[in-house]
Amino acid sequence: MATGETHDMYDVNLTQSHFPPQADVEIRDVTIGESLRVMAADRGDAEALVEVTQDGQIDRRWSYSDLLADSEKLADALATRFEPGEKIAVWAPNCPEWVLLEFASALAGLVLVTANPAFQVKELRYVLEQSQASGLFMVSEFRGNPMASIAAEAAKGPQGLRETVDTTNSSQLFAAAQRTHGLPAVSFGDAA
C-alpha cells in the first residue's frame, strides 16, 4: 500500500510506512504454556494434534489434555537439564515431538530456536553458534539428509552445545538429570 492510501478493512490513512496499533483488539498477557493449559481445561477431550506419517497414514493422536500432560512431562525433564532463558534448537521436520518441544520449552522458560531439516554442516553450525544453543533436538535422517552425521560434525564448533538428542528416542527426549528445579515462573514478556 502506498503512502496516503486507505485500507478497506480499517479506517486508516497511512502517512508512515507502518500500520498503527489496533485499539479494537484485546491483547491478553498470556504465555504459550498458559494458553495450552487454558485449552486443556476448556476442551480437554477435544483433538489437538494428529500425526500424519510421510506416507499419508494417520498415526498418533493427542487430545488437549494429552498434549498438556506430555508437554509438562517434557518441560519437567528439560528443566532439569537447562536453565531458564537458555536456548535449545529443534532440527526436525514437522512432527509431534516438534510441537511437544515448542510447548515444553515455553513451559520450562527456554527459548526454542528452529533449524531447517535440509541444513548442511555449515548452516547448522551457524545457527547453533549464533543462537548459542545449549541443546540440539533432532531426527537422525529426513528425506535422504543424514542429519545425525551432519549434527555430529556441526557440534564440533559451538562451545556451548552440551547435548544432542534424537527426538525419536523417547528415553533420550524425556531424560531427566539428577537436579530438580520444578518449572520456573514464566512471564508473557519472556522470550520463547
Side-chain angles (χ1 to χ4, degrees), residues 21 26-41 48-49 62 64-117 119 121-140 147-148 150-192:
E26 177 190 3
I27 297 175
R28 296 177 34 212
D29 297 337
V30 64
T31 66
I32 295 168
E34 190 177 339
S35 294
L36 179 57
R37 287 181 174 131
V38 166
M39 287 302 296
L49 179 62
W62 285 260
Y64 280 102
S65 293
D66 296 335
L67 185 58
L68 176 62
D70 284 353
S71 296
E72 287 180 332
K73 178 181 174 185
L74 181 53
D76 286 337
L78 293 174
T80 68
R81 293 152 46 194
F82 302 97
E83 295 296 326
E86 280 193 290
K87 294 153 188 97
I88 60 170
V90 61
W91 187 42
N94 293 335
C95 61
E97 289 72 22
W98 204 109
V99 176
L100 290 175
L101 277 164
E102 184 173 19
F103 284 116
S105 63
L107 288 163
L110 305 174
V111 178
L112 188 67
V113 175
T114 61
N116 185 321
F119 280 173
V121 174
K122 286 182 180 180
E123 297 159 317
L124 181 60
R125 183 178 292 140
Y126 177 83
V127 168
L128 295 173
E129 288 175 346
Q130 291 299 308
S131 68
Q132 300 175 340
S134 300
L136 174 62
F137 293 78
M138 50 164 286
V139 295
S140 60
M147 296 168 72
I150 291 170
E153 186 64 28
K156 291 178 183 174
Q159 300 302 310
L161 188 65
R162 294 194 308 270
E163 64 179 274
T164 300
V165 176
D166 182 345
T167 61
T168 62
N169 182 327
S170 290
S171 61
Q172 277 186 15
L173 183 62
F174 289 93
Q178 295 300 318
R179 62 189 171 98
T180 57
H181 288 299
L183 294 179
V186 178
S187 164
F188 69 91
D190 292 345

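Since we're looking at a predicted model, the values are computed, not measured.
- Two residues are said to be in side-chain contact when any heavy atoms from C-beta on lie closer than 4.5 Å; Val111 and Asp190 fail this criterion.
- When all heavy atoms of Val186 and Leu107 are compared, the pair lying nearest together is CG2-O, 3.7 Å.
- A distance of 9.0 Å separates CG of Leu49 from OG of Ser71, quoted to the nearest 0.5 Å.
- At least one side-chain heavy atom of Phe103 sits less than 4.5 Å from a side-chain heavy atom of Val99.
- Distance alone, capped at 3.5 Å, is enough to place a donor-acceptor pair between the Trp91 side chain and the Asn116 backbone.
- The environment of Glu123 atom CD is dense: over 12 non-hydrogen atoms of other residues, nucleotides or ligands sit within 6.0 angstrom.
- Ser105 OG to Ile32 CD1: the interatomic distance, rounded to the nearest 0.5 Å, is 7.0 Å.
- To the nearest 0.5 angstrom, Gln132 atom CD is 12.0 Å from Leu161 atom CG.
- Residues Glu153 and Leu124 have side chains not in contact (no heavy-atom distance under 4.5 Å, counting atoms from C-beta outward).
- Side-chain atoms of Asp76 never come within 3.5 Å of backbone atoms of Lys73 as a donor-acceptor pair (strictly under, hydrogens ignored).
- Screening residues 165-175 for salt bridge (charged side-chain N to carboxylate O under 4.0 Å, His left out) gives no qualifying pairs among residues at least two apart or on separate chains.
- The side-chain hydrogen bond (donor to acceptor under 3.5 Å, both in side chains) check on Glu102 picks up nothing, with sequence neighbours excluded.
- Heavy atoms from other residues, nucleotides or ligands lying under 6.0 Å from OH of Tyr126 number 12 at most.
- Minimum interatomic distance between Ser131 and Val127 (heavy atoms only, all atoms of both residues): OG-O, 2.7 Å.
- Salt bridge Arg28/Glu34: absent, no basic N to carboxylate O contact under 4.0 Å.
- In terms of heavy atoms, Phe174 sits closest to Asp70 at CE2-O, 3.7 Å.
- Residues Arg162 and Arg81 are not in side-chain contact: their nearest non-hydrogen atoms beyond the backbone lie 4.5 Å or more apart.
- The heavy-atom pair separating Met147 from Val139 by the smallest distance is CB-O, 3.2 Å.
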Take Glu97 and Thr168, measure what side-chain contact (heavy atoms from CB on, under 4.5 Å) needs, and give me the verdict at the end. CA-CA 8 Å; Glu97 289 72 22; Thr168 62; 5.8 Å; no
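- One distance of note links OG of Ser65 with CZ of Arg37; it measures 13.0 Å at 0.5 Å rounding.
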Apply the test side-chain contact (heavy atoms from CB on, under 4.5 Å) to residues Gln172 and Glu163: give CA-CA distance (whole Å), side-chain angles for both, the deciding distance (0.1 Å), then the verdict. CA-CA 10 Å; Gln172 277 186 15; Glu163 64 179 274; over 6 Å; no
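- Side-chain contact between Ile88 and Leu136 is absent, with no heavy-atom pair separated by less than 4.5 Å.
- Between Ala79 and Gly182, the shortest heavy-atom contact is CB-O, 3.8 Å.
- Using a 4.5 Å heavy-atom cutoff, the side chains of Thr167 and Trp98 are not in contact.
- For the residue pair Ala108 and Pro184, the shortest heavy atom distance occurs at O-CG, 3.3 Å.
- Note that OG of Ser35 is 11.5 Å distant from CG of Leu68, once rounded to the nearest 0.5 Å.
- Between the Thr31 side chain and the Phe188 main chain, no donor and acceptor come within less than 3.5 Å of each other.
- For the pair Leu101 and Leu74, the minimum side-chain heavy-atom distance is below 4.5 Å.
- Under the 4.5 Å side-chain criterion, counting only non-hydrogen atoms from C-beta, Leu78 is in contact with Phe137.
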